[in-house]
Amino acid sequence: MFITFEGIEGSGKTTQINFLKDFFKEKSIKAVFTKEPGSSKIGGEIRNILLNKNLDLSPYAELFLIFADRSQHVEEIIKPNLSADFLVISDRYIDSTFAYQGEGRSIGHEEISKIIKKMNLPLPDKTFLLDLPVSEGLKRAKKRAEFDRFESEEIAFHEKVRNSYLKIYEENKNRIIKIDAMKSPNKIFDEIEKNLEIE
Ligand code: Z5A
């Protein structure tokens, strides 16, 4: 089973994934936790470029770096673990690309769909979308560290990303579980646990 977590910056993905790690440990459920960008060795190098706010990447340079990272991630980590019947949990995956590059950078949904099909990427079985207002997400992210290249974008960019996620949810309600990320971390995890459907 392949599960992904999605949402704007500061939506609480890392917090919930840490809860999930503890939950699985308690239940002795084996799972592989991974994230994008940057989980493979090559991906780590790509992540440094993608998040460097001193670099002025063009939209397509950014898009192809994201897909270069994803290709390594899928071939080295996701596919082998899914083939071995492990549960794989990724912090961000294809919905991030639709939201950030497709909508945020105005590349378009169709273009991105074509690349995903061509790459024959495994699709998630279930996705948790943590949704909250942009102002709150950025406030939370700001508390943590200096803003990276994405976080430094204008509010309008982040609003486009959030709206795109909401649209993707409307079109994929069979796969995506949307959770109000303004709730307390414990309440959010209760909803995740309820929707996991894992014995
Ligand atoms: N990107 C892309 O453009 N296209 C793609 O296809 C992919 C990625 C795959 C990776 O960033 C960047 O890559 C990302 C999009 C782009 N943009 N940015 N930036 P990253 O990996 O560095 O970070 P992130 O994925 O955006 O996550 P994040 O900013 O680290 O946030 P988070 O993991 O969702 O949140 P958190 O760390 O769990 O929580 C943030 C703070 O809020 C923290 O202080 C918590 O204690 C607090 N928190 C958490 N939950 C709550 C609740 N419920 N209430 C109150 N406070 C809370």
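The figures here come from the full heavy-atom set of this structure, side chains too, leaving out hydrogens, waters and symmetry mates. Indexing begins at 1, ligand by ligand and atom by atom, following the structure's order.
The immediate protein surroundings of ligand 1, defined as residues with any heavy atom under 4.0 Å of it, consist of Glu9, Gly10, Ser11, Gly12, Lys13, Thr14, Thr15, Lys35, Glu36, Pro37, Arg47, Leu51, Ile66, Arg70, Arg92, Ser96, Thr97, Tyr100, Gln101, Arg140, Arg144, Asp148, Phe150, Glu151, Ala181, Lys183, Ser184, Pro185, Ile188.
When atom types are taken as modelled, the side chain of Glu151 and the backbone of Asp148 share a donor-acceptor pair closer than 3.5 angstrom. Here the side chain of Asn52 pairs no donor or acceptor atom with the backbone of Asn48 at under 3.5 angstrom.
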- request: Output, in order, the C-alpha distance, side-chain angles, deciding distance and verdict of salt bridge (charged side-chain N to carboxylate O under 4.0 Å, His left out) for Lys126 and Glu197.
  value: CA-CA 10 Å; Lys126 199 182 283 281; Glu197 292 169 326; 2.8 Å; yes
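Ile192 and Ile176 are not part of a single hydrophobic cluster, where members link through side-chain heavy atoms under 4.5 Å apart.
For the pair Phe128/Leu196, a side-chain contact is recorded, criterion being any heavy-atom separation below 4.5 Å from C-beta on.
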Show the atom names and distances, to 0.1 Å, of all donor-acceptor pairs under 3.5 Å that link a side chain in residues 82-96 to residues at least two apart or in another chain.
from: Ser83; atom 1: OG; to: Lys79; atom 2: O; distance (Å): 2.9
from: Ser90; atom 1: OG; to: Arg92; atom 2: O; distance (Å): 2.9
from: Asp91; atom 1: OD1; to: Lys13; atom 2: NZ; distance (Å): 3.3
from: Arg92; atom 1: NH1; to: Gly7; atom 2: O; distance (Å): 3.1
from: Arg92; atom 1: NH1; to: Ser96; atom 2: OG; distance (Å): 3.1
from: Arg92; atom 1: NH1; to: Tyr165; atom 2: OH; distance (Å): 3.2
from: Arg92; atom 1: NH2; to: Gly7; atom 2: O; distance (Å): 3.0
from: Arg92; atom 1: NH2; to: Tyr100; atom 2: OH; distance (Å): 3.1
from: Tyr93; atom 1: OH; to: Pro122; atom 2: O; distance (Å): 2.8
from: Asp95; atom 1: OD1; to: Arg175; atom 2: NH2; distance (Å): 3.0
from: Asp95; atom 1: OD2; to: Arg175; atom 2: NH1; distance (Å): 2.8
from: Asp95; atom 1: OD2; to: Arg175; atom 2: NH2; distance (Å): 3.4
from: Ser96; atom 1: OG; to: Glu6; atom 2: OE1; distance (Å): 2.6
from: Ser96; atom 1: OG; to: Tyr165; atom 2: OH; distance (Å): 3.2

